[in-house]
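Everything below concerns the one structure shown next.
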Amino acid sequence: MTKDAATNVVPEGVELVYDGKTVELPLVEGSEGERGIDIRKLRAETGLITIDPGYVNTGSCSSAITFIDGEKGILRYRGYPIEELAEHSTFLEVAWLLLNGELPTEAELAEFTTEVTRHTMLHEDFGRFFDFMPKNAHPMPVCAAAVGALSTFYREANTDERVQKAIVRLIAKMPTMAAYSYKHSIGQPRMYPRNDLDYSSNFLYMMFGNPCEAFQADPVFARALDLLLILHADHEQNCSTSTVRMVGSSQASLYASISSGIMALWGPLHGGANQKVIEMLERIAREDGSADRFLNRAKDRDDTTRLMGFGHRVYKNYDPRAAILKTTCKDVIERIGGSSELLDIAMRLEEIALSDEYFVERRLYPNVDFYSGIIYQVLGVPVNMFTVMFALGRLPGWLAQFLELRRDPANRIGRPRQIYTGATKRKYKPVKKR
Ligand code: SDX
């Protein structure tokens with residue numbers, strides 16, 4: 001068994017007694033004391049496989065990028081608590097941290113920032129790509145298609161040097177593509193990126209600027225956007241990241257892996273939940289504002305209604321990102337000097353749910369999607385672009401996980417087994433004589 005670099009084999013393994021035989025399976029332990037049974041030799045020695053729908057109990061890899069303790073509501077990127085990064089860091093610094101494992105020096109961050117800034121432009125032919133999209137197209141498939149199409153403008157990212165170049169290009173160009181897609185959808189001219197603006201201000205400029213008047217990104221809004229991107233930057237082996245790894249494991253290109261990750265994120269149970277949360281809050285506001293009535297439906301087994309933005313596969317405590325976003329929500333709304341009916345409804349839903357037996361016994365808490373949409377809405381981002389914003393944030397995490405996979409000597413193409421439950425062997429009888 002090739003030992004993964006980051007895990008230690010615990011002296012006492014586990015014994016599996018099956019069919020009169022005892023098989024010892026190694027127990028591996030990570031740097032935070034998490035333990036797993038290494039079943040790499042299980043089938044060879046017993047003929048058995050494991051079954052775990054949704055991989056609730058199954059680890060796909062060892063990783064040194066992000067640590068989550070769902071019981072305690074802990075999230076750390078490369079060992080740094082999310083709360084400290086949220087308060088003191090910037091999105092590009094966090095992107096460098098995720099990609100390289102250490103915080104950048106001042107010179108490294110300056111060079112990385114310059115490199116990203118210098119790659120925000122898209123090839124002029126690429127601009128026409130968006131012109132052929134329907135104006136009412138959902139921006140997630142447009143974004144996924146654009147990332148795939150981007151690979152046709154550059155040589156295959158099949159060497160370390162070209163992968164690094166592709167990483168910078170994607171971090172630099174995805175905001176431009178997202179803004180171009182939005183401008184196309186509202187029939188406004190595309191705004192070229194500007195090198196004199198920081199990452200988040202540049203995105204706000206490309207989204208909401210227009211050639212007819214000067215545009216100055218509100219620094220509070222730009223900081224709120226940078227914080228949203230930081231909070232979404234990585235989250236260990238979630239659905240979309242596992243998709244990036246699965247596609248990358250076949251040695252498909254980086255662009256193909258990221259494009260697949262974007263599509264996986266689109267699902268309403270995953271990144272698409274932030275759009276569903278706003279639609280849910282608007283529906284409650286439209287109908288009768290009754291949070292109690294809505295929650296009764298969310299608890300009803302015969303009703304498919306769910307409290308979107310609540311619950312999580314790993315967090316069985318408050319998602320630390322949601323706690324930060326709740327505060328940011330209030331700051332941004334205070335900034336515009338207004339109030340927000342949707343925020344009031346969201347806070348009421350949270351207040352009732354956190355003391356309701358149904359949610360308490362299932363350990364359902366607000367997750368990252370519960371408050372993020374309210375902030376995006378205040379920034380002026382259209383609801384159907386909320387998951388694109390999630391993708392912009394998650395991009396460095398996907399890229400870091402792809403790199404880790406690519407460098408992992410234990411990596412093999414992902415190919416799960418199955419338990420077959422279909423028809424047993426039977427003779428073919430043609431429907432009619434030929
Ligand atoms: C993200 O994995 C990640 O890290 C993802 C993410 C990231 O950063 O990448 O954190 C981002 O995807 C956050 C999650 C966004 N999705 C939503 O907010 C959609 C609403 N949440 C649920 O659909 C659900 O909680 C999931 C999908 C998030 C988790 O699903 P699980 O772990 O498979 O749990 P489950 O569906 O089996 O639910 C367990 C029980 C069930 O009830 P019982 O069958 O036990 O009676 O809890 C209930 C569920 O019905 N339940 C909910 C609920 N979430 C779970 N009931 C009402 N409202 C909800 N939101």
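Just so it is clear, the values below take in all heavy atoms, side chains as well, and ignore hydrogens, waters and symmetry mates. Being a predicted model, the structure only gives us computed values, none of them experimental. Throughout, numbering of the chain's residues begins at 1 and tracks the sequence. Atoms within each ligand, like the ligands themselves, are counted from 1 in listed order.
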Q. Would Glu287 and Arg293 satisfy salt bridge (Lys or Arg N to Asp or Glu O under 4.0 Å), going step by step from the backbone distance to the final call?
A. CA-CA 10 Å; Glu287 283 163 5; Arg293 203 189 312 281; over 6 Å; no

Would you say [X] contacts ligand 1, with heavy atoms under 4.0 Å as the rule?
X      : answer
Arg301 : yes
Leu269 : yes
Gly54  : no

(Q) Give me each pair satisfying salt bridge (charged side-chain N to carboxylate O under 4.0 Å, His left out) with a member in residues 375-386, each pair once, sequence neighbours excluded. (A)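 Residue pairs with at least one partner in residues 375-386: there are none.
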
Q.
Looking at non-hydrogen atoms alone, which of Tyr315, Phe370, Phe310 comes nearest to atom 20 (C) of ligand 1?
A.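 The residue whose heavy atom sits nearest atom 20 (C) of ligand 1 is Phe310.
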
With a cut-off of 4.0 Å, which atoms of ligand 1 are near a heavy atom of [X]?
X      : value
His312 : 2 (O), 3 (C), 4 (O), 5 (C), 6 (C), 10 (O), 13 (C), 25 (O), 28 (C)
Arg362 : 40 (C), 42 (O), 43 (P), 45 (O), 46 (O), 47 (O), 48 (C)
Arg394 : 7 (C), 8 (O), 9 (O)

Q: Using distance alone, with no hydrogens and no angle criterion, decide if Gln377 and Glu282 have a side-chain donor and acceptor under 3.5 Å apart.
A: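 Short answer, yes.
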
Q: Verify the distance criterion only: is there a donor paired with an acceptor across the side chains of Glu404 and Ser63 at less than 3.5 Å?
A: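 Side-chain D/A pair, Glu404 to Ser63: present.
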
Q: May I ask you to check whether Thr305 has an N/O atom sitting below 3.5 Å from an N/O atom of ligand 1?
A: no

(Q) Test your reading of the structure: does Gly309 have an N or O sitting under 3.5 Å from an N or O of ligand 1? (A) yes

Q: Could you tell me whether atom 26 (C) of ligand 1 has a protein heavy atom closer than 4.0 Å?
A: no

Q: Over all heavy atoms of both residues, which pair between Pro139 and Met385 is shortest? Give the atoms and the distance, please.
A: CG-CG, 3.7 Å

Q.
Applying side chain to side chain donor-acceptor pair (under 3.5 Å), can you list everything that pairs with His235, at least two apart in sequence or on another chain?
A. Tyr315, Arg321

